[in-house]
Amino acid sequence: MNTQRPEWNDANNALVGNGVSMVTLYHIRRYVAYLIDLFSDLDSGKILLSDEVSLLFEDISKVFSTNEHKLENGISDKERKTILDGLGNAGSRFRVAIYENGFTSKKCGIEIIDVITFLKITQKFIDSTIKSNSRSDGLYHSYNLMSVENNNEIRITNLYEMLEGQVAVLSSGYLETAEAINLLTVLRESPLYREDQNSYILYPNRELSLFVKKNIISDDDFNSSVLLQKLVEKGNHDVVIKDINGKVHFNGEIRNAKILKSKLKEIKNVSEFKAAEIEKALAIYESVFNHKYFTGRSGTFYKYEGLGSIYWHMVSKLVLAVQETFMKAEMKNDNQSDLTKLKSFYYDIKEGIGVNKSPKNYGAFPTDPYSHTPSFSGVQQPGMTGQVKEDVISRYGELGIHVIKNKIVINHNILKRDEFLLNDESFIYYDVHGKKKNLMISENSLAFTYCQVPFVYQLSDENKIIVYKKNKEQIELRTLVLDEDLSNSIFNRDGNIEKITVSFNKKSLMLSDQKKDSYYIFQQT
């Protein structure tokens with residue numbers, strides 16, 4: 001969990017060696033939950049692993065099972081070091097064995113029930129860690145810092161709030177519906193919200209110190225250090241320099257604590273000072289520059305995903321995370337009030353994205369993807385950004401296309417009523433053979449293609465599907481589920497299905513004040 005380069009967000013490209021990523025843990029939590037479901041569906045039996053991987057599995061399992069009872073009262077700094085050493089030694093033994101001997105051809109069978117037990121205890125540790133990273137303001141920590149104390153403790157300190165952590169914890173599956181609603185409510189009221197764009201920045205904006213305000217040792221720190229005082233008194237400028245205004249600074253040639261330590265050792269008669277004085281000087285140096293908390297350009301720039309900037313890819317990730325939260329709540333049959341709140345959050349966040357803005361507000365053509373929007377200008381860095389991926393995924397979620405156990409299931413409960421046409425229009429698309437087709441779509445309808453098969457949604461008083469086949473056969477289904485054969489025909493693009501119409505009960509659709517005389521088309525190629 002010790003990040004050398006945190007996540008995809010390369011604006012946070014520092015924290016080397018000290019960064020501990022909660023964002024990673026939130027995503028691991030989602031993956032572990034998925035694996036538990038996956039293996040739970042299997043019959044009892046064994047999984048074959050190489051002897052080396054099997055031994056690593058046993059070592060890690062032993063560390064978790066031995067320390068599981070410590071979760072009840074929370075992990076102390078000393079216990080954290082013990083657990084980390086156990087996991088680290090397990091990894092080291094595995095790595096050394098492979099480097100020295102390579103993999104043998106021997107296999108070992110692990111019971112599926114043991115794999116599930118391991119995953120569940122892993123999830124307990126993950127959930128305990130997530131719980132401890134809940135902030136007092138209702139948000140969740142994104143990145144932390146670790147410090148080894150006295151060689152037998154690991155202390156964790158927190159960085160400031162970041163949007164990335166809120167998106168990741170929403171995606172993790174850890175939060176219950178009420179907790180997710182509370183998080184979204186707090187997020188809207190937090191320093192991460194930018195009212196002028198009705199959207200969210202990566203981290204709170206702040207004023208950076210002027211250059212002349214940097215590298216100044218406070219009077220209290222200077223007066224507490226006999227060593228630094230003696231050096232100034234003797235006029236030794238190798239370590240510290242006193243300017244004409246009486247302010248004391250570290251020598252500009254000192255770039256890190258290692259160089260400072262070397263400089264101190266080179267000074268004559270430094271041995272007269274106790275080791276504690278050397279350590280105090282190093283501590284003062286760190287407090288002045290705060291290197292450990294340096295996150296990269298995210299904390300030093302005002303553009304390029306820096307301070308005050310909206311990073312549109314992350315906003316689209318937030319949209320998708322809220323949509324997934326809604327779908328999860330719906331599957332659990334949560335109350336209608338909570339589902340309505342989640343829908344409102346979803347569309348409120350989506351309204352902040354460029355396609356819903358005027359060129360004046362967006363700063364460019366609203367349909368073009370851009371990287372970020374600084375606090376002082378319109379969008380910057382045009383291009384096919386990662387945002388597009390999340391937008392396409394969430395759009396199919398709105399349209400209600402889901403694949404569950406090899407079947408296409410249509411769930412339109414997050415779709416808006418005003419998505420449907422007010423007038424008849426022509427829908428142009430390309431079929432599975434690459435031929436251009438023109439389909440007339442009547443009012444109160446919506447059209448798009450999925451695997452190059454046109455789906456036409458229609459408002460009605462009932463829910464049903466009609467499948468139009470190439471041989472002119474029509475199959476009517478009093479359900480919103482396509483069976484496995486029909487679904488596979490669409491997935492395989494065999495051309496046997498020409499069109500599918502889906503009728504919805506119009507009373508079930510979300511209402512909106514906004515009226516659009518248009519329809520949305522996404523073609524999956």
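Only heavy atoms go into these numbers, but all of them, side chains included; no hydrogens, no water, no symmetry mates. By convention here, the first residue in the shown sequence is residue 1.
At a cut-off of 3.5 Å, with distance as the only test, a side-chain donor of T177 or D334 sits close to an acceptor on the other residue. A donor-acceptor contact closer than 3.5 angstrom is absent between the side chains of N205 and Y302. Between the side chains of E52 and N101, no donor N or O sits under 3.5 Å from an acceptor N or O. Using modelled atom types and a 3.5 Å distance limit, the side chains of T373 and W312 yield a donor-acceptor pair. In this model, a donor atom of one side chain and an acceptor atom of the other lie less than 3.5 Å apart for D391 and S316. Of the N and O atoms on the side chains of Y362 and Q197, not one donor lies less than 3.5 Å from an acceptor on the other residue. Between the side chains of D196 and N361, no donor-acceptor pair is found at a separation under 3.5 Å. With 3.5 Å as the limit, one finds no donor-acceptor pair spanning the side chains of H402 and N411.
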- Task: Please assess E176 against K328 for the test salt bridge (Lys or Arg N to Asp or Glu O under 4.0 Å), listing each intermediate value before the final yes or no.
- Result: CA-CA 9 Å; E176 295 296 332; K328 175 187 169 187; 5.6 Å; no
- Item | Evaluation steps, salt bridge (Lys or Arg N to Asp or Glu O under 4.0 Å), between D59 and R93 | CA-CA 9 Å; D59 284 348; R93 282 192 293 272; 3.3 Å; yes
- Task: Evaluate side chain to side chain contact (heavy atoms under 4.5 Å, CB included) for E161 paired with S190, printing each intermediate quantity in order.
- Result: CA-CA 9 Å; E161 63 268 48; S190 76; 5.6 Å; no
- Check the pair Y200 / Q166 against side-chain hydrogen bond (donor to acceptor under 3.5 Å, both in side chains), numbers first and verdict last. CA-CA 11 Å; Y200 297 88; Q166 318 321 310; over 6 Å; no
- Message: Assess the residue pair L175 and T325 against the criterion (side chain to side chain contact (heavy atoms under 4.5 Å, CB included)); give the C-alpha distance rounded to whole Å, side-chain angles, the decisive distance to 0.1 Å, and a yes or no.
- Response: CA-CA 9 Å; L175 300 178; T325 302; over 6 Å; no
- Start with the C-alpha distance between L318 and L187, add both sets of side-chain angles, then the distance that settles side chain to side chain contact (heavy atoms under 4.5 Å, CB included), and finish with yes or no. CA-CA 11 Å; L318 176 61; L187 181 63; 4.1 Å; yes
- Item | Test log, rule side chain to side chain contact (heavy atoms under 4.5 Å, CB included), inputs D338 and I181 | CA-CA 8 Å; D338 285 346; I181 290 172; 3.5 Å; yes
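Sorted by first and then second residue, the pairs that involve residues 67-76 and meet salt bridge (charged side-chain N to carboxylate O under 4.0 Å, His left out), not counting sequence neighbours, are E68-K124. Under the salt bridge (charged side-chain N to carboxylate O under 4.0 Å, His left out) criterion, the residue pairs touching residues 24-41 are R29-D127, R30-E324, with sequence neighbours excluded. Sorted by first and then second residue, the pairs that involve residues 75-90 and meet salt bridge (charged side-chain N to carboxylate O under 4.0 Å, His left out), not counting sequence neighbours, are D77-R80, K81-D85.
Closest of all the heavy-atom pairs between A281 and L260 is O-CD2, 4.1 Å. Between P366 and G354, the shortest heavy-atom contact is CB-O, 3.1 Å. Of all the heavy atoms in S54 and C108, the pair that sits closest is OG-SG, 3.5 Å. Closest approach of D137 to V186, counting heavy atoms only: O-CG1, 2.8 Å. Between Y193 and S199, the closest heavy-atom pair is CD1-O, 3.3 Å. The two residues M22 and I130 have their closest heavy-atom pair at CE-CA, 4.1 Å.
For K106, the NZ atom counts as loosely surrounded, since its 6.0 Å shell holds 12 or fewer non-hydrogen atoms of other residues, nucleotides or ligands. Residue-environment remark: CZ (F211) stays at or below the threshold of 12 foreign heavy atoms within 6.0 Å.
Remark: of the listed residues I393, I414, L342, I349, I414 is the sole one forming a side chain to side chain contact (heavy atoms under 4.5 Å, CB included) with Q323.
Looking at heavy atoms from C-beta onward, K350 lies in side-chain contact with N356 at the 4.5 angstrom threshold. Between S371 and Y311, some side-chain heavy-atom pair lies under the 4.5 Å cut-off. No side-chain heavy atom of K261 sits less than 4.5 Å from a side-chain heavy atom of K263. Using a 4.5 Å heavy-atom cutoff, the side chains of F125 and I83 are in contact. By the 4.5 Å heavy-atom criterion applied to side chains, L163 and I201 are not counted as neighbours. Residues V232 and Q229 fail the side-chain proximity criterion, which asks for heavy atoms closer than 4.5 Å. Looking at heavy atoms from C-beta onward, I98 lies in side-chain contact with F103 at the 4.5 angstrom threshold. The closest side-chain heavy-atom distance from L282 to E286 is not below 4.5 Å.
Of the possible polar contacts, none joining the K357 side chain to the E351 backbone as a donor-acceptor pair under 3.5 Å is found. Listed for the T66 side chain is a donor-acceptor partner under 3.5 Å among the backbone atoms of K62. In this structure, the side chain of Q381 does not engage the main chain of Y370 through any donor-acceptor pair within 3.5 Å. Counting only distance, with no hydrogens or angles, the side chain of K280 and the backbone of S224 share a donor-acceptor pair below 3.5 Å. For S287 (side chain) and I284 (main-chain N/O), a donor-acceptor pair under 3.5 Å exists by modelled atom type. Distance alone, capped at 3.5 Å, is enough to place a donor-acceptor pair between the D243 side chain and the N245 backbone. Distance alone, capped at 3.5 Å, places no donor-acceptor pair between the Q387 side chain and the M314 backbone. Between the side chain of N251 and the main chain of I241, no donor-acceptor pair closer than 3.5 Å is present. Remark: the backbone N or O of N89 is not paired with any side-chain donor or acceptor of S92 at under 3.5 angstrom. The backbone N or O of M162 sits less than 3.5 Å from a side-chain atom of S142, completing a donor-acceptor pair.
Remark: I116 CD1 to L42 CG distance equals 7.5 Å, nearest 0.5 Å. Expressed to the nearest 0.5 Å, how far CG of D221 lies from CG of L228 amounts to 9.0 Å.
Aromatic ring orientation, F118 versus F64: tilted (interplanar angle from 30° to 60°). In this structure, F289 and Y285 have tilted ring planes: the angle between them lies in the 30° to 60° band.
Remark: F222 pairs with no residue by the ring-ring contact (aromatic ring centres under 6.0 Å, His included) rule, at least two apart or across chains. Residues forming a ring-ring contact (aromatic ring centres under 6.0 Å, His included) with H141 (at least two apart in sequence, or on another chain): none. Judged as a ring-ring contact (aromatic ring centres under 6.0 Å, His included), and not counting sequence neighbours, Y174 has no contacts.
Ring-centre distance between Y346 and F326: not below the 6.0 Å cut-off.
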